[in-house]
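What follows is a single structure, written as structure tokens, with notes after it.
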Number of protein chains: 2
Amino acid sequence: MLETTKERAGMPAVSATQGRATGTAAANGSGNAETRRRRAGRPSAAVLDKTGITAAALELVSRKGYDGLTMAALAKQLDVAPSALYNHVASKRDVLLLVEDHLMSLVDVSGFGASVWEEAVRTWAWSYRNVFAEHTPLIPVIAVLPVTDAPQTLAMYEAISKGFLDAGFPESRVVSSIVALESFIFGSAYDVTAPEDIFEPGTMAESTPHFTAAVRSLGGPPSSERPADTAFSLGLEALISGLGALRG
Amino acid sequence: MLETTKERAGMPAVSATQGRATGTAAANGSGNAETRRRRAGRPSAAVLDKTGITAAALELVSRKGYDGLTMAALAKQLDVAPSALYNHVASKRDVLLLVEDHLMSLVDVSGFGASVWEEAVRTWAWSYRNVFAEHTPLIPVIAVLPVTDAPQTLAMYEAISKGFLDAGFPESRVVSSIVALESFIFGSAYDVTAPEDIFEPGTMAESTPHFTAAVRSLGGPPSSERPADTAFSLGLEALISGLGALRG
DNA sequence: CTAATAAATGAATGGCATTCATTTAGTGGT
DNA sequence: ACCACTAAATGAATGCCATTCATTTATTAG
């Protein structure tokens, strides 16, 4: 799907299976003691493609986190020499972009066209935040990423834009509104990963009485929500009503 | 003057000036060809302290960006061996925390106590965003940073908390409201650094008609504002009115 | 006075992304 | 059917980076 240039001849089936075969390759690599050394030179069937690299990167991240996502580890997961990756991606950043675009397809935009605007935005925003809360290291990359060759990302923006226009937003305010919401979502994704006691004032509690009191009051009525969820809900509802008020 | 071996006797002034002397040390280091090698062993007057390290890191960042902020480069800037830094900070992350806390003191909280709540939040939020737009690599660090030993950061939170309480916010909602605003601010800081043409759909323009139209309409009436500022203003005003409505 | 501690140097160490020369296999043109 | 070209792999560097350790020297506490 991302598949670019020439996946043309021969066996598309093999190539198609390739992406999914990642797990298998890894299983072979670790489970089977006698994984033959592949000899140098081009193999008869290509071992790598972007789909497979993306899948392997995602599995690696879910097992070891982003610290574990190194080109060497990725190569190992794919049972390949590290340098082989560079026949398919120009840099590690490219790998991150592949992962990012894949994740965008997991964001739920189904509300647009099915529910009223407010509810569609709610569904989208929560889903978007939840997906990237697990992938915060991608945020600095996404936030500056030209959308140009990220098809899933573009698809998401298209769905949302249509939803906003149908809801009566003037064309000129659609992008700004989306950007504002997205900024809030990215910031909130970080918040999810913060430790619970992030605001404990420690030794300086006495010099910060108002802040300390506010923090302590959080522990009061044991809300069933995580603090990050409370803040996200609060901000999201404020944005929804504030932005929604500007429709034509 | 910070010079080498024979600086022992006398001048405590040197040590006191140390923090601010960073620039001078650097100027000596590069400007003067014959910077004497400091011999091994503890020098009579300490060369490093946290203030100096912070100042040097900030200068380095402003000259070379965060990619240029390496422990080696920082050491060079301070005319010191890289390993010497580890007598004062435990890790590079520590250096980033020093920088972060310093930057917090640049955020304008003067509106709280001087203006109505809405205006105070506006001043604070714009200032906060503008400071960190130049320092986005710190955001992943801040967002998860326990506030405990960051005095400037705590001071900022105290000022804001007081402002919210005085404006009639119930104690239990102060932290959530601040977190919501902060999340939006962090996300928006990234947005400032994004390229102007980040949303150009490129080849896929035809498959994303609504989004493409929305993007194109931005170029229409040439607003004097940068797009990032428009989106920030839009979202901030929505948050201010949405959160403000919940006061007691 | 002496032991402990603090603050510097300089020489590793191991991990990392990336590059390059080399090998082998498929492909397109004549 | 050959041949040049390109694609895709290996394996061996390269250079940068944060961090650690042994060592040296100076200050400070008991």
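Predicted model, so just to flag it, every value in this text is computed and none were measured. Each chain gets a letter, A, B and so on, in the order the sequences are listed, and its residues count up from 1. Values reported hereafter were calculated over all heavy atoms of this structure, with side chains retained and with hydrogens, waters and symmetry mates removed.
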Within the structure provided, determine whether A:P201 and B:E158 are in side-chain contact (heavy-atom separation under 4.5 Å).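 No, side chains not in contact.
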
Any side-chain heavy-atom pair from A:D94 and A:K50 closer than 4.5 angstrom?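 Of all side-chain heavy-atom pairs linking A:K50 with A:D94, none is under 4.5 Å.
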
Would you kindly give the [atom1]-to-[atom2] distance between [X] and [N], to the nearest whole Å?
X: B:K76; N: D:dA18; atom1: NZ; atom2: P; result: 14 Å
X: B:L85; N: C:dG10; atom1: CG; atom2: C1'; result: 14 Å
X: B:Y86; N: C:dA7; atom1: OH; atom2: P; result: 17 Å
X: B:K64; N: D:dC16; atom1: NZ; atom2: P; result: 13 Å
X: A:L69; N: C:dG15; atom1: CG; atom2: C1'; result: 15 Å
X: A:R93; N: C:dT18; atom1: CZ; atom2: P; result: 11 Å
X: B:M71; N: D:dG15; atom1: CE; atom2: C1'; result: 19 Å
X: B:D49; N: C:dA6; atom1: CG; atom2: P; result: 16 Å

Please determine, for the side chain of [X], which listed nucleotide ([options]) has the closest atom?
X: B:K92; options: C:dT18, C:dA8, D:dT19; result: D:dT19
X: A:A84; options: D:dT20, D:dA9, C:dC16; result: D:dA9
X: A:V80; options: D:dC17, C:dA17, D:dT10; result: D:dT10
X: A:R39; options: C:dA25, D:dT19, D:dG11; result: C:dA25
X: B:R42; options: D:dA9, D:dC17, C:dA6; result: C:dA6

Just N and O in the side chain of B:H88: are any of them under 4.0 Å from OP1 or OP2 of C:dA6?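 B:H88 to C:dA6 OP1/OP2: no side-chain N or O under 4.0 Å.
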
Just to confirm, is there a sub-4.0 Å distance from OP1 or OP2 of C:dT9 to any side-chain nitrogen or oxygen of B:R38?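 Checking C:dT9 against B:R38, a side-chain N or O does come within under 4.0 Å of OP1 or OP2.
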
Classify the side-chain pair B:S183/A:D191 by whether it contains a donor and acceptor separated by less than 3.5 Å.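 B:S183 vs A:D191: no donor-acceptor pair found between side chains.
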
Return the orientation label for the B:F199 and B:F211 ring planes: parallel under 30°, perpendicular over 60°, tilted otherwise.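 Plane angle over 60°, so perpendicular.
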
Return the orientation label for the A:Y128 and A:F186 ring planes: parallel under 30°, perpendicular over 60°, tilted otherwise.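 It falls in the perpendicular class, over 60°.
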
Please classify the nucleic acid contact of A:S83 as base, sugar-phosphate, or nothing, using heavy-atom distances under 4.0 Å.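 Base contact.
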
Is there a donor N/O on one and an acceptor N/O on the other, under 3.5 Å, for the side chain of A:N87 and the base of D:dA7?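 Result: no qualifying N/O pair found.
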
